[in-house]
Amino acid sequence: MNKNEEFVITINRELGSGGRTVGRLLAKRLGVPFFDKAVIKAMQEKYHGTVEEIEKMKGRKHGWWADVEMLFMMDSGLNMHYYMPQKSDNLGLMTTDDMFKDETLILQELAKGESCVVAGRSGFHVFRQHPNHLSILIQASLENRIERVARKQNMTAEEARKAIEKVDKMRENYVNKYTGTSRYDTRNYQLVISADGKTEEEIVEVIMQYIG
């Protein structure tokens, strides 16, 4: 990846690996926008999933990223927490063909003419044809993932383990259904990092050194 040209960095990560925080810190370090589930969800709700509205937003004279940051603030509840499926969630709605199509179009439009970092959202697949794309997978041992999720979400270790199992299954099913591959297949990534024994800042340094 050439950081001096328009680029897209996608980060897939296991729940509890700190990968989403790594993506946010990396984007800040590189001075580019950061997109994750919270931002995409907010944009779908505000713009009803239409690329046309996003094109209008990006075409304004003032910095369009300010609009996205406002959405970011509005959706701060989602942005600051892991997604934990609850009994009341309609998970079927999250994995419909229309949802995947909307997310793909929104991400591709947001990245058009703009470097960015994308966390999750099957980014490794969405941007697989991008000429300057770095695909990263961040993993961690189950023990460390349980500890982190329990601490962040104020859960017991058993509750954290069950949450991780549920999210892992949901994400793998989603990726497999819409990309025809596994999110654990390392052939989908240029860089695979274990978060064990590393802080988020140290992982960012590893990525920056890889980029050069």
Side-chain angles (χ1 to χ4, degrees), residues 1-44 47 51 54 57-58 63-76 78-83 100 102-140 148 152 171 174-175 179 183 186 188-195 198-212:
M1 190 200 87
N2 185 351
K3 65 181 179 182
N4 297 316
E5 297 179 1
E6 181 184 318
F7 63 81
V8 175
I9 297 176
T10 57
I11 298 179
N12 271 70
R13 77 279 188 216
E14 293 182 308
L15 177 65
S17 68
R20 191 185 156 283
T21 301
V22 169
R24 178 174 53 79
L25 294 175
L26 179 64
K28 184 176 181 180
R29 179 82 171 266
L30 293 168
V32 300
F34 171 67
F35 303 119
D36 71 345
K37 178 184 177 65
V39 173
I40 300 305
K41 180 180 183 295
M43 297 197 77
Q44 283 177 310
Y47 300 110
V51 171
I54 297 173
M57 178 183 71
K58 292 185 70 175
W64 71 274
W65 178 238
D67 290 344
V68 178
E69 287 184 317
M70 181 60 68
L71 287 174
F72 214 40
M73 293 172 62
M74 290 168 56
D75 203 36
S76 59
L78 255 177
N79 180 45
M80 294 304 291
H81 295 83
Y82 293 114
Y83 173 73
F100 181 75
D102 285 349
E103 287 185 348
T104 298
L105 291 175
I106 287 173
L107 281 175
Q108 290 176 339
E109 184 60 34
L110 288 172
K112 188 183 297 181
E114 191 91 15
S115 293
C116 62
V117 175
V118 177
R121 321 319 303 150
S122 302
F124 72 87
H125 179 80
V126 171
F127 293 105
R128 65 193 184 283
Q129 303 294 339
H130 193 285
N132 197 23
H133 168 215
L134 174 61
S135 183
I136 301 171
L137 173 65
I138 298 179
Q139 299 179 306
R148 180 184 173 88
K152 292 282 187 177
R171 287 179 176 174
Y174 182 89
V175 169
T179 71
R183 69 193 187 108
T186 56
N188 293 316
Y189 311 98
Q190 286 83 52
L191 184 60
V192 179
I193 302 173
S194 171
K198 303 180 186 70
T199 65
E200 288 92 343
E201 291 79 6
E202 288 171 340
I203 296 174
V204 170
E205 286 300 328
V206 170
I207 297 172
M208 292 299 296
Q209 289 177 20
Y210 179 87
I211 295 171

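Position 1 is the first residue of the sequence; numbering continues from there. All heavy atoms count here, side chains included; hydrogens, waters and symmetry mates do not.
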Trainee: With sequence neighbours excluded, tell me which residues meet salt bridge (charged side-chain N to carboxylate O under 4.0 Å, His left out) with Glu205.
Mentor: Arg29

Trainee: Could you measure the distance from the CD1 atom of Ile136 to the CE atom of Met1? Nearest 0.5 Å is fine.
Mentor: 8.5 Å

Trainee: Roughly how far, to the nearest 0.5 Å, is NZ of Lys3 from CG of Leu30?
Mentor: 7.0 Å

Trainee: Sequence neighbours excluded, which residues qualify as side chain to side chain contact (heavy atoms under 4.5 Å, CB included) partners of Thr199?
Mentor: Glu201, Glu202

Trainee: Please enumerate all residues that pass ring-ring contact (aromatic ring centres under 6.0 Å, His included) together with Phe124, with sequence neighbours excluded.
Mentor: Tyr189

Trainee: Using side chain to side chain donor-acceptor pair (under 3.5 Å) as the criterion, list what pairs up with Glu200, not counting sequence neighbours.
Mentor: Arg148

Trainee: Does Ala195 offer a backbone N or O that forms a donor-acceptor pair with the side chain of Ser17 under 3.5 Å?
Mentor: no

Trainee: At what distance, to the nearest 0.5 angstrom, does CZ of Phe35 lie from CG of Leu107?
Mentor: 8.0 Å

Trainee: Is there a side-chain contact between Asp36 and Ile11 (heavy atoms, below 4.5 Å)?
Mentor: no

Trainee: For Asn12, run the side chain to side chain contact (heavy atoms under 4.5 Å, CB included) check against Val192, Leu137, Ile138 and tell me which one passes.
Mentor: Leu137

Trainee: Mind checking what makes side chain to side chain donor-acceptor pair (under 3.5 Å) contact with His133, not counting sequence neighbours?
Mentor: Thr10

Trainee: Who are the side chain to side chain contact (heavy atoms under 4.5 Å, CB included) partners of Asn2, not counting sequence neighbours?
Mentor: Asn4, Glu5, Asn132

Trainee: Is Ile9 close to Ile211 at the side-chain level, that is, under 4.5 Å between some pair of heavy atoms?
Mentor: yes

Trainee: Please check this pair: side chain of Glu14 against backbone of Gln139, looking for a donor-acceptor N/O pair closer than 3.5 Å.
Mentor: no

